[in-house]
Student: 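Please see the structure below; I have some questions.
In what follows, chains carry the letters A, B, and so on, assigned in the order in which the sequence lines appear, proteins first and then strands, with residues in each chain numbered from 1.
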2 protein chains.
Amino acid sequence: MAAALAILDEHGLPDLTMRRLAATLDVQPSALYWHFANKQTLLASIADQIVSRAVPREVRDGDWSSATRAEAEALRDALLTFRDGAEVVSSTLALGLGAGEPQSRLAAAIRRGGFDPQTSEVAAAALLHFVLGHVSHEQQRLQADSLGVVAEGHSADPATAIGGRAAFDFGITLLLTGLELQLLTSTPGGHPTRSLGGTAQ
Amino acid sequence: MAAALAILDEHGLPDLTMRRLAATLDVQPSALYWHFANKQTLLASIADQIVSRAVPREVRDGDWSSATRAEAEALRDALLTFRDGAEVVSSTLALGLGAGEPQSRLAAAIRRGGFDPQTSEVAAAALLHFVLGHVSHEQQRLQADSLGVVAEGHSADPATAIGGRAAFDFGITLLLTGLELQLLTSTPGGHPTRSLGGTAQ
DNA sequence: ACCTGAACACCGTTCAAGT
DNA sequence: ACCTGAACACCGTTCAAGT
């Protein structure tokens, strides 16, 4: 695991191959298959490792909204800790392997706002999709810039500052205020005006 | 292009290799490199092809919010048209190649609400990240289910109906109502309470 | 203009066999 | 319990050469 994380951080996801990992461990590639069933399993473990580094800062007031924001920011920081971190996590999460922790943590924070479990889970998924998409984008831009690959006006023009913390916080704000409004417009104990209707299955 | 799209839709992204594509065209693999510089370029063209199929339904009232929603839904439909469509588009978009169209269309729709260009662009990026993340998730679930791979209680339990149109619409609603609120709380011509501050660069 | 042939430098994974 | 050796079935890409 340590060797794999080192390769990931120093050379990136495309260079994290079973053969290369074996080589740095002075071992035959086949030896890895005693420890991991396959590469996907290995990547899932790495994803868990990265994600477990996400520890939200203590938030003084018990506000659910800032607690959720703290979770999202902790997750972003953790993903930024390792090169290609967001891609590793989102790919293993897409394959349905491990890494259910981030969504659970986000959902738990949201639930403190009084949302029902299903709404909390779906909102958490929305937040997670945004975080992963944003940080993936951010990291790709980082190494594209470091490689000097500009690819037509696509670089860090301040007009479209899609990457960066300000844009991240803005996206989180949109989702959280959207949720807040959800809370106000739904008549408690009555018919919520906008909720996951019976069409969800 | 047609042959590549056919392989993608029938066998999925992992099976869309240069050698396989060449074989279905009764041609040597090296022949493809006269038409495309490399595989990434080919995938970028495919992504454009998929995305160009996104035609939003006509929205009767000129409401910016429903226009934006229509764009997002058209994009989702287009991505769902081809197997692994979301992954193809988000990977090429991550590499900074082509496919700037979806974000532009979303941003244009948002701008009709009176948002400044930068806010519109960043909000469009947030929407796009959500759409791609959601549909990726959805498509992966689709073929995981079709393969009978269940991978511990992870399948289509109605409690966490993350995939599907209802969850999609809910996520879009969160972002759009968040934007609406942004419009109300910012004093026009004054200091917006929540905007992309000077920290953005 | 468009393609072949042949090669280069890789992949992930399996499996009998060793210690 | 943990690893080697050797193989299988692939990859993307380059490049001289053909027509």
Student: Measuring from atom CG of A/Asp15 to atom CZ of A/Arg83, what distance do you get when rounded to the nearest 0.5 angstrom?
Tutor: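 Those atoms lie 8.0 Å apart.
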Student: Do A/Thr119 and A/Asp116 have side-chain N/O donor and acceptor atoms under 3.5 Å apart?
Tutor: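 Indeed, the side chains of A/Thr119 and A/Asp116 share at least one donor-acceptor pair under 3.5 Å.
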Student: Do any of residues 28-39 of chain B sit with a heavy atom less than 4.0 Å from DNA chain C, and if so which?
Tutor: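 When residues 28-39 of chain B is checked for heavy atoms under 4.0 Å from DNA chain C, the hits, listed by number, are B/Gln28, B/Ser30, B/Ala31, B/Trp34, B/His35.
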Student: Whole-Å distance between D/dC3 P and A/Met18 CE?
Tutor: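 Between P of D/dC3 and CE of A/Met18: 13 Å.
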Student: First locate atom CD of A/Gln103, then atom CD1 of A/Ile110, and finally report the distance between them rounded to the nearest 0.5 Å.
Tutor: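 Here the interatomic distance stands at 9.0 Å.
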Student: Please state how far atom CZ in A/Arg19 lies from atom C1' in C/dT13, giving the value in whole angstrom units.
Tutor: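 Rounded to whole Å, this separation is 9 Å.
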Student: Once you round to the nearest 0.5 Å, how far does CG of A/Leu8 lie from CG of A/Leu21?
Tutor: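 So the CG of A/Leu8 and the CG of A/Leu21 are separated by 11.0 Å.
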Student: Is the distance from the ring center of B/His129 to that of A/His137 below 6.0 Å?
Tutor: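 Yes, the ring of B/His129 comes within the 6.0 Å limit of the ring of A/His137, centre to centre.
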Student: Assess whether side-chain contact (heavy atoms from CB on, under 4.5 Å) is satisfied between A/Phe82 and A/Gln139, documenting all intermediate values.
Tutor: CA-CA 10 Å; A/Phe82 285 96; A/Gln139 286 182 318; 6.0 Å; no
Student: From CG of A/Asp15 over to P of C/dA9, roughly how many Å is that when rounded to an integer?
Tutor: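 Rounded to the whole Å, the gap is 17 Å.
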Student: Roughly how far, to the nearest 0.5 Å, is OG1 of A/Thr173 from CD of B/Gln182?
Tutor: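 The distance works out to 7.0 Å.
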Student: How close or far is atom C1' of D/dG12 from atom CG of B/Leu42, stated in whole angstroms?
Tutor: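 My rounded result for the distance is 12 Å.
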Student: Rounding to an integer number of Å, can you tell me how far B/Leu21 CG sits from D/dC11 P?
Tutor: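 Taking atom P of D/dC11 as the reference, CG of B/Leu21 is at 11 Å.
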Student: To the nearest Å, how far apart are B/Arg20 CZ and D/dT13 P?
Tutor: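 Atom CZ in B/Arg20 sits about 18 Å away from atom P in D/dT13.
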Student: Measure the spacing between OG1 of A/Thr185 and CD of A/Glu180 and express it to the nearest 0.5 Å.
Tutor: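 The CD atom of A/Glu180 is 12.0 Å from OG1 of A/Thr185, to the nearest 0.5 Å.
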Student: Write down the distance separating the P atoms in D/dA9 and C/dC10, rounded off to the nearest Å.
Tutor: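 Rounded to whole Å, the distance is 22 Å.
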Student: Toss me the dot-bracket line for DNA chain D: Watson-Crick and G-U wobble, both under 3.5 Å, 5' to 3', using | for pairs to another strand and [ ] for crossers.
Tutor: ||.|||||...|||||.||
Student: Can you check the distance between C/dC2 and D/dA17, where both ends of the measurement are the C1' atom (answer in whole Å)?
Tutor: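 Comparing C1' positions in C/dC2 and D/dA17 gives a spacing of 13 Å.
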Student: If we count only N and O atoms by modelled type, under 3.5 Å, do the side chains of A/Ser45 and A/Asp48 hold a donor and an acceptor together?
Tutor: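 No, no side-chain donor-acceptor contact under 3.5 Å.
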